[in-house]
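Some notes on the structure that comes next.
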Protein chains: 2
Amino acid sequence: MVATMKAHQMVLGWVEQEIAEDRLRIGQRLPAERTIAEQLQVSRTSVREAIRVLEAMGIVRSGVGSGPDAGTLVIADPSAPFTSAMRLHFATSHLPAGDIVQTRLLLESWAVEHADPASASLESAHALLEAMDEPNVDAERFHQLDAEFHVALSQAAGNVLISTMMGSLRDAINQYTLDLIVNLPDWSATATRLRAEHHGIYDAVMAGEARLASELVAAHIEGYYREAGIPPREAAQ
Amino acid sequence: MVATMKAHQMVLGWVEQEIAEDRLRIGQRLPAERTIAEQLQVSRTSVREAIRVLEAMGIVRSGVGSGPDAGTLVIADPSAPFTSAMRLHFATSHLPAGDIVQTRLLLESWAVEHADPASASLESAHALLEAMDEPNVDAERFHQLDAEFHVALSQAAGNVLISTMMGSLRDAINQYTLDLIVNLPDWSATATRLRAEHHGIYDAVMAGEARLASELVAAHIEGYYREAGIPPREAAQ
DNA sequence: TATGCCATGTGGTTGGACCACATCAAGTAT
DNA sequence: ATACTTGATGTGGTCCAACCACATGGCATA
């Protein structure tokens, strides 16, 4: 069993077991690479390959030097694997943009419908709204705030998996849409419309109008991507 | 820019670019590790670290020897990063099981509601139904068929991202629920109920009763996990 | 013609060496 | 006594050279 496994996979399995059995907790440091190599009787190279994978999964984070930021420590960044893997798979053309948009639509409209108006993340959302209302924000800055607003909104439902996925989906095709959106013939008019829609969604959530909020956000997202030339996939019926 | 990047990240970027600009397509082979190392002026070690990451993402697959199965070739397995990363993050206890169940509920009920009754995957689903109806399938086998049935059902909506995520979510907590389910006091009765529910869902989909199918599958999943002791997270309101 | 063997090219693994970096303790100059 | 310098230490980052296991394909041989 152990002998037939690739060396780096053995290390991965070891780390997973250490985490699952609570010997490794978030914030704690892994043993030094050389130490792990000796303990598991594999080369340091294999240990490093495993750590690279864990790093890509958002499970650990490595830092050189000494002190608190050094060494390899356990973190929890569920968005890392989604964002990077999604971008790659999107690049292979085997993951249609329409599917991504449609999925984001589903996740975010659910999140908004189930948002808790008392959630602290809605305060962040409101602050972001005001930042976007500033008359002299440029298109790029607006785009950034826009993304953060949607993430904050989704977090109000309290499901970390759904809000994480939602954000990653947006990121995956962000570069794909950014240029198209900011170079629209009348960006100013578009920005005005987006501002109004954002306020409408936010107000509906705060008023507890779950169904309305959900419909507004769905229309908002669909309109956004339609303008960018990526309509959500037609649902089969 | 290039100089400040970690070596293996440079390789990752190179591969992503090759894929994005269509010089690397699915099914094609990457150059040999030693060749890439020479081309990009990095060590073979760094190339291998990058390939390990791509492998974990389901973007490439490596094989030794000669012939068609040898070398590192580009594949498209979007489920790989979800399944493995989800399992790890679940192990860190920073990804509540309730969130996972709730998300699966959302994805699958959507997929069933938007399923195309003419989809070929529904034929697979039907075959799986019949296999589960065999009186002498044991609990473990039933569980396996059950999982495949739900995946086949989800694929009928035609959104590869949603059906992939759905399957990975189930896998992530599969081990967690398997023991509990098969060791129920009266497994036989549970199996009978599950069979009936499966048929009900399938029939509703085939009849085009989208809304009904969606509600049936939601109740089915919720009941399943409730019996296993993992009720979906209460939605905030 | 049929069989066996080995050259070739692939990824898999290892050990060792060196570098860059950040800290901390010891030593030194003021 | 204080402030500064300096070096020891331990971390990940990188590279190299070698060897292994494996699967094929062509060559030599029976």
Side-chain angles (χ1 to χ4, degrees), chain A residues 1-15 18 24 26-75 77 80 84, chain B residues 1-15 18 24 26-75 77 80 84:
Chain A
M1 166 71 179
V2 174
T4 64
M5 222 171 188
K6 286 202 239 184
H8 82 272
Q9 288 178 337
M10 212 192 64
V11 180
L12 282 174
W14 177 80
V15 173
E18 291 290 301
L24 268 179
I26 292 181
Q28 281 188 333
R29 294 175 43 165
L30 267 70
E33 293 177 353
R34 293 163 176 87
T35 307
I36 298 178
E38 194 184 7
Q39 279 188 11
L40 302 189
Q41 286 289 291
V42 295
S43 69
R44 192 186 158 202
T45 307
S46 301
V47 174
R48 289 181 107 298
E49 288 182 1
I51 290 181
R52 284 292 85 75
V53 172
L54 293 171
E55 205 172 46
M57 289 181 178
I59 298 287
V60 304
R61 194 224 65 198
S62 292
V64 292
S66 308
D69 272 16
T72 301
L73 51 90
V74 183
I75 60 176
D77 179 11
S84 53
Chain B
M1 167 70 180
V2 174
T4 64
M5 222 171 188
K6 286 202 244 186
H8 82 272
Q9 289 179 336
M10 211 191 66
V11 181
L12 282 174
W14 177 80
V15 173
E18 290 290 302
L24 269 179
I26 291 180
Q28 281 188 333
R29 294 175 43 166
L30 268 69
E33 294 177 352
R34 293 164 176 86
T35 307
I36 298 178
E38 193 184 8
Q39 279 186 11
L40 302 188
Q41 287 289 291
V42 295
S43 69
R44 192 185 159 204
T45 308
S46 300
V47 174
R48 286 179 60 69
E49 288 183 1
I51 291 181
R52 284 291 86 75
V53 172
L54 293 171
E55 205 172 46
M57 289 181 177
I59 298 286
V60 304
R61 194 224 67 199
S62 292
V64 292
S66 307
D69 272 16
T72 302
L73 51 89
V74 183
I75 60 176
D77 179 11
S84 53

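- One can place CD of A/Glu49 at 9 Å from C1' of C/dT13, the figure rounded to the nearest angstrom.
- Using a 4.0 Å cut-off, some side-chain N or O of B/Arg48 falls inside it from OP1 or OP2 of C/dG12.
- One N or O donor and one acceptor, one from the side chain of A/Arg34 and one from the base of D/dG12, sit under 3.5 Å apart.
- Rounded to an integer number of Å, the gap from CD1 of A/Ile51 to C1' of D/dG13 is 12 Å.
- One can place CG of A/Leu73 at 16 Å from C1' of D/dG10, the figure rounded to the nearest angstrom.
- Here the nucleotide nearest the side chain of B/Thr45, chosen from D/dT11, C/dG12, D/dC16, is D/dC16.
- A residue-by-residue look at A/Ser66 and A/Ser43 shows that A/Ser43 has its nearest nucleotide of DNA chain C further toward the 5' end.
- Using a 4.0 Å heavy-atom cutoff across all strands shown, B/Ala70 reaches no nucleic acid atom at all.
- Residue A/Arg44 contributes atom CZ, which lies 9 Å from atom C1' of D/dT14 at whole-angstrom precision.
- One can place CG of B/Leu54 at 15 Å from C1' of C/dG11, the figure rounded to the nearest angstrom.
- One atom, CD of A/Glu55, and another, P of D/dG13, lie 7 Å apart when rounded to the nearest Å.
- The line from CG of A/Leu73 to CD of A/Gln28 is 10.0 Å long, rounded to the nearest 0.5 Å.
- Contact of B/Arg52 with C/dG12 (side chain to base): no donor-acceptor pair of N or O atoms is detected under 3.5 Å.
- For B/Lys6 and D/dT14, the NZ to P distance is 7 Å, given to the nearest whole Å.
- For the pair A/Ser84 (side chain) and A/Ala80 (backbone), a donor-acceptor distance under 3.5 Å is present.
- Ion pairing between a basic and an acidic side chain is recognised when a charged N comes within 4.0 Å of a carboxylate O; A/Arg52 and A/Glu49 show no such pairing.
- When the nucleotides D/dC15, C/dT10, C/dC21 are ranked by their closest atom to the side chain of B/Arg29, C/dT10 comes out on top.
- Along DNA chain C, the nucleotide closest to A/Pro68 and the one closest to A/Ser46 are compared, and the more 5′ of them pairs with A/Ser46.
- Computed from coordinates, the A/Met5 CE to C/dT13 C1' distance equals 16 Å when rounded to whole Å.
- Among the nucleotides C/dG11, C/dT10, D/dG12, the one closest to any side-chain atom of A/Thr72 is D/dG12.
- Shown here is A/Gln9, whose CD atom has more than 12 heavy atoms of other residues, nucleotides or ligands within 6.0 Å.
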- Task: Might you work through the salt bridge (charged side-chain N to carboxylate O under 4.0 Å, His left out) test for B/Glu55 and B/Arg61, ending with a clear yes or no?
- Result: CA-CA 6 Å; B/Glu55 205 172 46; B/Arg61 194 224 67 199; over 6 Å; no
